[in-house]
Amino acid sequence: MNRFTYARPADLAGALREIARDPGARFIAGGTNLVDLMKYDVERPTRLVDVTRLPGLDAIEETAAGGLRIGALVSNTAIAYDARIGRRYPLLASAVLAGASPQLRNAASTGGNLLQRTRCYYFYDAATPCNKREPGSGCPAIGGVNRIHAILGTSEHCIATHPSDMCVALAALEAVVQVAGPGGERAIPFAEFHRLPGDHPERDTTLCQDEIITAVELPPEGFAEHHTYLKLRDRLSYAFALVSVAAALELDGGRIARARIALGGVAHKPWRMPEAEAALAGQPAEAASFALAADRLLAGAQGHGHNDFKIDLARRAILRALSQAAAGTPQSQTDKRIR
Amino acid sequence: MPTQATPQAEPDRVTITLTVNGKPRSLALEPWTTLLDLLREELGLTGTKKGCDHGQCGACTVLLDGRRVNSCLALAVMQDGASVTTIEGLAAADGTLHPMQTAFIEQDAFQCGYCTPGQICSAIALLEEDHAQNPDEIRELMSGNICRCGAYPNIVAAIEQVMASGGEPAP
């Protein structure tokens, strides 16, 4: 790990001042990803700004709109077991419990979860080129070992995936990310928070270096009746998704009134396609409709060799997730049998 | 001509207080010291193990203000004012083992023993959290602790034994 200085500002304004005066400074909260990356020399901050003592960022509160506001310092554990989230946004609680381990969830913050970096092997290995770590150095995953890599939204510069489970649920729920910076506050719709690699794979999100996440807001609609988070991975627990699906439906009789589908493990961001969701509206909640949605979501999916299997796996996962959601039988994150 | 060596005040060190197994300590730390390295290298508490050092194995699990965390990913300077309990802090002052330690022995819940301090700290927190009611849930919520010897069935049995006896609060 490189040498760095340490600051522990007392309030948000102090934190923003600290980050603004040193382009090499980074915020740290749970540290479960940043400290790990520092041990690999992937991240080499000159200064760490400890935000864990900032006041007012560690609560889950009702919003005027009828949703919930999750402070950026709320731990993943606190989200997973919050009674209001369990009742109104069970999809989110389920996705959080599908990720990491109890130890990591205790330490990991909400804001930090959104800012997780990819688990691409080459990104983590500072001895290899990587356009995300070292812009312009190349992407060895293309034509290399790419079993865990993306099949959608890739660029010629990067085929990495976004690793979070929580973010896949937040994408489906259309959460809003609240951000503070030197110019004041702004709200970023979840779909615009993470970005595709394009020509700048070094940028995971649209957050600026001198900005900080203060909260994630959930809109009132939580799809509590018909939802599922289905995560497929190499072992049953404590592993990143090869493919995951957050599905949320509103049913009207046997027909779909509204649908949300977000995919994890397949792209540089939680993958949604509003057209595919809109096309489900008015359709019967049955396999044929789900198959059409899967076709639309995966149109343009492209394998890179080792990860070719993900295209069919994603298709099957979408079908299964939509049928679980329609039946009101969400995937258990304890009993891993997929029904 | 050699310049005169001036003693440096080690400007990079940060002073914190930390209660370790009930004993308050004042520590001047380099910011890059992890809680795990502080415990093992500076305080001589080598019961907490370094396995992967990347949050993937759970061998370094300790109780930080009662919550289980991977001490390898926690920077010590950030824990100012906190209370840490390690495997060395579980037994009573007279040497009586914590019920979870006793259960691990009685159920033969380890082979090489390297993951055991982390397993025991994690298991104590699991009972405190009270989210596991059956073996499936115990297994899922112990998934952050890897045992390369594969003693999992006996680890689950040890936890069930303490659970059945009504458990014991973490110290």
Side-chain angles (χ1 to χ4, degrees), chain A residues 1-8 27-40 42 44-53 75-78 80-81 86 93 97-109 112 119 124 233 235-240 332-337, chain B residues 11-14 16 29-37 52-82 118 121-123 125-126 128-146:
Chain A
M1 201 171 345
N2 66 292
R3 302 315 189 221
F4 56 86
T5 58
Y6 172 76
R8 191 193 298 152
F27 290 125
I28 184 165
T32 53
N33 192 205
L34 181 57
V35 173
D36 188 32
L37 289 165
M38 288 166 66
K39 290 184 179 191
Y40 284 111
V42 173
R44 298 178 58 83
T46 52
R47 186 169 180 77
L48 284 186
V49 181
D50 178 353
V51 297
T52 56
R53 320 266 168 141
S75 73
N76 288 192
T77 297
Y81 296 113
L97 286 175
S101 68
Q103 289 97 314
L104 291 167
R105 292 194 293 264
N106 279 342
S109 68
R119 260 63 181 187
Y124 257 83
R233 46 190 150 172
R235 59 183 185 194
L236 289 177
S237 299
Y238 202 13
F240 290 99
S332 162
Q333 303 304 349
T334 301
D335 172 4
K336 303 299 174 72
R337 275 165 292 193
Chain B
D12 288 334
R13 287 191 181 248
V14 177
I16 67 159
L29 302 172
E30 293 167 331
W32 45 88
T33 308
T34 63
L35 179 58
L36 174 61
D37 287 342
C52 68
D53 208 24
H54 288 283
Q56 297 174 6
C57 77
C60 69
T61 302
V62 298
L63 303 176
L64 187 60
D65 289 331
R67 300 182 315 156
R68 48 178 162 163
V69 298
N70 302 106
S71 62
C72 72
L73 294 182
L75 293 177
V77 288
M78 294 177 66
Q79 318 310 326
D80 194 5
C121 287
S122 196
L126 172 91
E128 274 290 295
E129 293 157 8
D130 200 22
H131 297 303
Q133 318 299 336
N134 56 52
D136 269 354
E137 289 170 348
I138 293 172
R139 276 189 284 274
E140 173 62 19
L141 293 174
M142 286 296 291
S143 66
N145 293 83
I146 309 294

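Labels below follow one simple rule: chain letters A, B, ... track the order of the sequence lines, proteins then strands, and each chain is numbered from 1. Just so it is clear, the structure is predicted and the values come from calculations on it, not from any experiment.
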Quiz item: In Å and rounded to the nearest 0.5 Å, what is the CD to CG distance from B:Gln79 to A:Asp50?
Solution: 8.5 Å

Quiz prompt | Part of A:Thr32 within contact of chain B (heavy atom distance under 4.5 Å) | solution = both

Quiz item: Taking all non-hydrogen atoms of both residues, which atom of B:Pro31 and which atom of A:Tyr6 are closest, and how far apart?
Solution: CB-CB, 3.8 Å

Practice problem: Determine the minimum heavy-atom distance between A:Pro102 and B:Leu141, stating which atoms define it. | Solution: CG-O, 3.2 Å

Self-check item: Full working for side-chain contact (heavy atoms from CB on, under 4.5 Å) between B:Thr34 and A:Lys39
Solution: CA-CA 11 Å; B:Thr34 63; A:Lys39 290 184 179 191; 3.9 Å; yes

Exercise. Sort A:Ala7 into side chain, backbone, both or neither according to what part of it lies under 4.5 angstrom from a heavy atom of chain B.
Key: neither

Quiz item: Mind checking what makes side-chain hydrogen bond (donor to acceptor under 3.5 Å, both in side chains) contact with A:Tyr238, not counting sequence neighbours?
Solution: none

Exercise. Look at A:Arg53 together with B:Asp80 and state whether they make a salt bridge at an N to O cut-off of under 4.0 Å.
Key: no

Quiz item: Side chain, backbone, both or neither: which part of B:Leu126 has a heavy atom under 4.5 Å from chain A?
Solution: neither

Quiz item: Does B:Glu30 pair with A:Arg3 as a salt bridge, N-O distance under 4.0 Å?
Solution: no

Self-check item: B:Asn145 and A:Gln103: side chain donor to acceptor below 3.5 Å
Solution: yes

Quiz item: Is the closest side-chain donor-acceptor distance between B:Glu140 and A:Ser237 under 3.5 Å?
Solution: yes

Quiz item: A:Asn33 versus chain B, heavy atoms under 4.5 Å apart: side chain, backbone, both or neither?
Solution: neither

Quiz item: Quick one: CE on A:Met38 to CG on B:Leu73, what's the gap to the nearest 0.5 Å?
Solution: 11.5 Å

Quiz item: Would B:Met78 and A:Leu48 satisfy side-chain contact (heavy atoms from CB on, under 4.5 Å), going step by step from the backbone distance to the final call?
Solution: CA-CA 10 Å; B:Met78 294 177 66; A:Leu48 284 186; 5.9 Å; no

Quiz item: What residues, two or more places apart in sequence or in another chain, satisfy ring-ring contact (aromatic ring centres under 6.0 Å, His included) together with A:Tyr81?
Solution: B:His131

Quiz item: Which of parallel (below 30°), tilted (30 to 60°) and perpendicular (above 60°) describes B:Trp32 and A:Phe4?
Solution: perpendicular

Quiz item: With no hydrogens and no angle check, is any side-chain donor or acceptor of A:Asn106 less than 3.5 Å from a backbone partner on B:Val69?
Solution: no

